[in-house]
Amino acid sequence: MAQDTPKKSKAGPNKSSSSHLSVDKVFMKFRRSESGPVWWGVFLAVCALAAATRFYNVGEPKHVVWDETHFGKFGSWYINRTFFFDVHPPLGKMLIGAFGYMTGYDGTFPFVKPGDSYDGVHYLGMRVCCTTLGACLVPFAFIIVWQMTQSLPAATLASSLILFDVGLLTLTQYILLDPILLFFIMGSVLGAVMFNAQRHRPFHPVWWGWLAFTGFMLSGSVSTKFVGLFVVVYVGLHTIASLWELYGDLSNPLSLVGKHFLARAVGLILLPVILYCVYFYIHLTILCKSGNGDGFYSSAFQSQLEGNSLYNASMPFELAYGAEVTLKNARTGGGYLHSHIHLYPEGVGARQQQVTTYSHKDFNNKWLVKKWNEEPGDWEDDGPTELVKNGDLIRLEHVPTGRNIHSHREPAPVTRRHHQITGYGENGEGDVNDVWRVEVVGGEEEEVVKTVIHKLRFVHYLVGCALMSHNKQLPKWGFEQMEVTCNPNVHDPNNLWNIEDNVFPNLPNSSFEIYAPNFLEKFLESHTVMFQGNSGLKPKEGEITSQPWQWPINFKGQWFSAIDGFKVYLLGNPIIWWGNLVVLAAFVFVYIYQAYRRQRGVSDDRQTKERRERTLSACGWLVLAWALHYLPFYAMGRILYFHHYFPALLFSSMLTGVIIDYLLESLPSLVPQYLAASVYPALTGLFYSTLIYSFYLFAPLAYGMHNLDPTFENSTIHQIRWLDSWEF
């Protein structure tokens, strides 16, 4: 027994020491990024956490959340093949429709408003598919940072910042365009860095594969939202830098540089453009039935939509006195000339009947064409039919109210330098200010006015101004419809109109199928309508909008669900967001410090120098990506929302991961020797502990605040309301 005791005591410490050394060994392999199994173990753990946090409770709440009311509805319309108007390109909405179709959703739920119950609706498939794309952001960030830095700790830190941000979690859990857009943006950057990693074996099949992958992701970014153009610029600058490096290497013949240029032009320009056009072709082919978005498009465009009044239309080709017509402003996206019984309010010109333009089909869009000095006969009369000709003087009577289009020298309600347009008179009887001269643009003298194809100008007989509509919106008293004025500049293109519907039984009907636009014409018109729609997204009267300066500081969030019992509030993890700002400042300091050391001729060993150059290069590209996705919003005149910052947040968080890793690796050489071995693991543990705990604190904002009274001082929600501007 006495002899056995030393053996046991010797064996015990050896086993403990071996285990301790094994952990240290794995940790050092993690820091040095030199073990394949460790890399894969960390990567798979990150992927598993991303899936666990994203798919947890993905079916909650069981009601419409925030903009699901729009994008769920758009998905329904794709399933039903019903045409609609939206300011964004079609790919994201088509994918939502495809997700629903493949998972059993039948497209019948109306998505009327946030809070509507999903009872009996197969909505979960659309949510899960959107969430899947959102979950990919975490491994994408991991791979991007790994390729930029070759540092496993940096990749882990960067992906963890995205993993534990409750704002990104909230934004990517629902039926929205945002998870789709963020997926394509990050996929584009992933493709660019992976393609760059193949630079030492150009024109290899893998090289071509990553080039095509990048082009596909770029096409997806732009085809989901136009802000996807920012990542196109980023990848373009990245490509220019790589081509410049090739050109600067004098060992490369110009023919080789030319081949590289052509390959990139095909993969990053031609391929995305072709795919972009293909997406629109599919979009325009699927949506073949008339819907509530028809009125934003030209008459010729509408004639291709099944169920539209112009589909396979047969109506008089020529315009006759006594015809009932609708007049559509000829600018792309222009509305129908419209009136209603409501009067202009006191103090807004003459208190007469309002005249506006309205983008939807409506009985109040109908007008009777009359001679300037006599009333038309009944359609049943046997008298001769008189046609309206270029240069004729006419009156336009509003069919529902019997009032004539009228103008005088009162200022228009919004565009004060123009004259007011009103509805005036009783039962078609008015005065001389109701008289207008019809002009056919480019027409011959006394040429007969034709339906659909002629662009017409209506010039006021006395004042000399032209009937005009544009995209300026009236206040609430005008139901936020578009202003109609009499424009002193008669040659303004907004003064032009088309006759769309033409009802007159005493003339033979003709088919307008020959005037149907081809794909290119519809493609170009769709873009004009979208651009005008985007520029028209202005804050409504009394609406408080989000400002770009508020976004990085997480000043104010956004309600996703305000239903009692399950409230969801979009807000970033403040530890991450505020930390990103601090680290951005730290990057500037590190960059200046390293430039100072280089200027002073301070030399480092080869390994330290390579790590520093690799880190600063990665940070430079990430700062550029952040700036491209954030700063342009300061120049935008349209209404802005908090969620517009999230693409920039991805790059800011990756930058933070890279800088923190660099600082953690640099600290051991700056502290006393006895602390050097412990400072890195201690600070790393503190970083991850803070990150996880902050996620735990703010997770209820994303997963749902259940029956909590925020006024109760001891409630969890009350305790995490760190700023008064956080509305939850």
Side-chain angles (χ1 to χ4, degrees), residues 50-51 53-61 64-72 88 92-93 95-96 99 114 123 126-141 159-187 220-221 224-225 227-228 230-231 546 548 550-552 554-562 566-577 580 626 629-630 633 640-654 694-695 698-705 726-728:
T53 54
R54 268 57 187 171
F55 290 110
Y56 172 72
N57 246 8
V58 70
E60 297 292 336
V64 177
V65 171
W66 190 50
D67 271 359
E68 284 188 336
T69 186
H70 297 304
F71 301 114
H88 304 301
K93 302 183 290 285
L95 287 175
I96 290 172
F99 296 157
Y123 71 98
M126 291 184 282
R127 275 212 189 149
V128 167
C129 290
C130 288
T131 302
T132 301
L133 297 183
C136 291
L137 302 179
V138 179
F140 280 8
S159 57
S160 297
L161 289 165
I162 293 171
L163 171 67
F164 293 117
D165 183 66
V166 293
L168 277 167
L169 170 61
T170 304
L171 192 65
T172 56
Q173 268 195 321
Y174 300 106
I175 306 168
L176 303 171
L177 290 188
D178 298 273
I180 301 171
L181 174 68
L182 296 176
F183 170 82
F184 282 120
I185 288 175
M186 288 291 277
S221 299
T224 302
K225 282 188 176 183
V227 293
F230 299 151
V231 78
S546 182
Q550 299 174 339
W551 303 342
N554 212 19
F555 180 76
K556 189 176 183 180
Q558 190 170 316
W559 277 112
F560 263 42
S561 173
F566 201 105
K567 296 179 183 291
V568 177
Y569 189 74
L570 176 66
L571 186 76
N573 185 329
I575 300 299
I576 295 173
W577 286 53
N580 285 349
W626 170 81
H629 287 83
Y630 172 53
F633 287 102
L640 299 173
Y641 298 101
F642 175 53
H643 71 276
H644 287 141
Y645 183 68
F646 280 83
L649 172 73
L650 293 170
F651 299 106
S652 179
S653 296
M654 287 190 284
S694 66
F695 177 79
F698 287 92
L701 300 183
Y703 291 131
M705 296 174 274
W726 295 353
E727 300 161 311
F728 60 85

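Worth knowing before you read on, the calculation uses all heavy atoms, side chains too, and leaves out hydrogens, waters and symmetry mates. Residues: numbered from 1 along the sequence shown.
- Heavy-atom minimum distance, Ile162 versus Ala141: CD1-CB, 3.4 Å.
- Partners of Ser694 according to the side chain to side chain donor-acceptor pair (under 3.5 Å) rule, which considers only residues two or more places apart in sequence or in another chain, are Asn573.
- In this structure Arg127 satisfies the salt bridge (Lys or Arg N to Asp or Glu O under 4.0 Å) test together with Glu68, sequence neighbours excluded.
- Between Phe695 and Leu169 there is a side-chain heavy-atom pair separated by less than 4.5 Å.
- The side-chain heavy atoms of Ile96 and Cys130, taken from C-beta on, include a pair separated by under 4.5 Å.
- Two residues are said to be in side-chain contact when any heavy atoms from C-beta on lie closer than 4.5 Å; Trp66 and Leu570 fail this criterion.
- No side-chain heavy atom of His70 sits under 4.5 Å from any side-chain heavy atom of His88.
- Distance alone, capped at 3.5 Å, places no donor-acceptor pair between the Tyr174 side chain and the Val64 backbone.
- Here the side chains of Trp577 and Asp165 are in contact, with some heavy-atom distance below 4.5 Å.
- Gly557 and Glu727 make their closest contact through O-OE1, 4.1 Å (heavy atoms, listed as atom of the first residue, atom of the second, distance).
- Take Pro548 and apply the side chain to side chain contact (heavy atoms under 4.5 Å, CB included) test, not counting sequence neighbours, and it matches Trp551, Tyr630, Phe633, Tyr634, Leu640.
- When the side chain to side chain donor-acceptor pair (under 3.5 Å) test is applied to Ser653, the partners found at least two apart in sequence or on another chain are Asn580.
- For the pair Leu161 and Ile576, the tightest heavy-atom approach, listed with the atom from each and the gap, is O-CD1, 3.3 Å.
- Once rounded to the nearest 0.5 Å, the distance linking NZ of Lys556 with OG of Ser546 reads 8.0 Å.
- With values rounded to the nearest 0.5 angstrom, Ser561 atom OG is found 10.5 Å from Glu60 atom CD.
- Scanning for side chain to side chain contact (heavy atoms under 4.5 Å, CB included) contacts around Pro574 gives Asn554, Trp578, Phe698, Trp722, Trp726, with sequence neighbours left out.
- Within the model, atoms CD of Gln558 and CG of Leu571 stand 11.0 Å from one another, a figure rounded to the nearest 0.5 Å.
- Pairing each heavy atom of Gln173 with each of Ala702, the nearest pair is OE1-O, 3.9 Å.
- The minimum heavy-atom distance between Thr224 and Gly220, with the atom names listed, is OG1-O, 2.7 Å.
- In this structure Tyr569 satisfies the ring pair (Phe, Tyr, Trp, His ring centres under 6.0 Å) test together with Trp559, Phe728, sequence neighbours excluded.
- Residues satisfying the side chain to side chain donor-acceptor pair (under 3.5 Å) criterion with Ser159, sequence neighbours excluded, are absent altogether.
- Here Thr132 contributes atom OG1 and Ile180 contributes atom CD1; the two are 11.0 Å apart, rounded to the nearest 0.5 Å.
- Judged by distance alone, the side chain of Ser221 and the main-chain N or O of Phe184 form a donor-acceptor pair under 3.5 Å.
- Residues Phe560 and Leu171 form a side-chain contact, since some pair of their non-hydrogen atoms from C-beta on lies under 4.5 Å apart.
- Under the 4.5 Å side-chain criterion, counting only non-hydrogen atoms from C-beta, Phe651 is in contact with Ile185.
- Smallest separation of non-hydrogen atoms from Thr172 and Leu168: OG1-O, 2.7 Å.
- Under the ring pair (Phe, Tyr, Trp, His ring centres under 6.0 Å) criterion, Tyr56 pairs with Tyr703, sequence neighbours left out.
- Partners of Ser160 under the side chain to side chain donor-acceptor pair (under 3.5 Å) rule, at least two apart in sequence or in another chain, do not exist in this structure.
- Sequence neighbours left out, the pairs with a member in residues 167-183 that pass salt bridge (charged side-chain N to carboxylate O under 4.0 Å, His left out) are Asp178-Lys225.
- The aromatic rings of Phe646 and Phe642 sit perpendicular, their planes meeting at an angle over 60°, well past the 30° parallel limit.
- Contacts of Phe555 classified as side chain to side chain contact (heavy atoms under 4.5 Å, CB included), with partners at least two apart in sequence or in another chain: Gln550, Ile553, Ser725.
- Here Ala50 pairs with Val138, Leu163 under the side chain to side chain contact (heavy atoms under 4.5 Å, CB included) rule; sequence neighbours left out.
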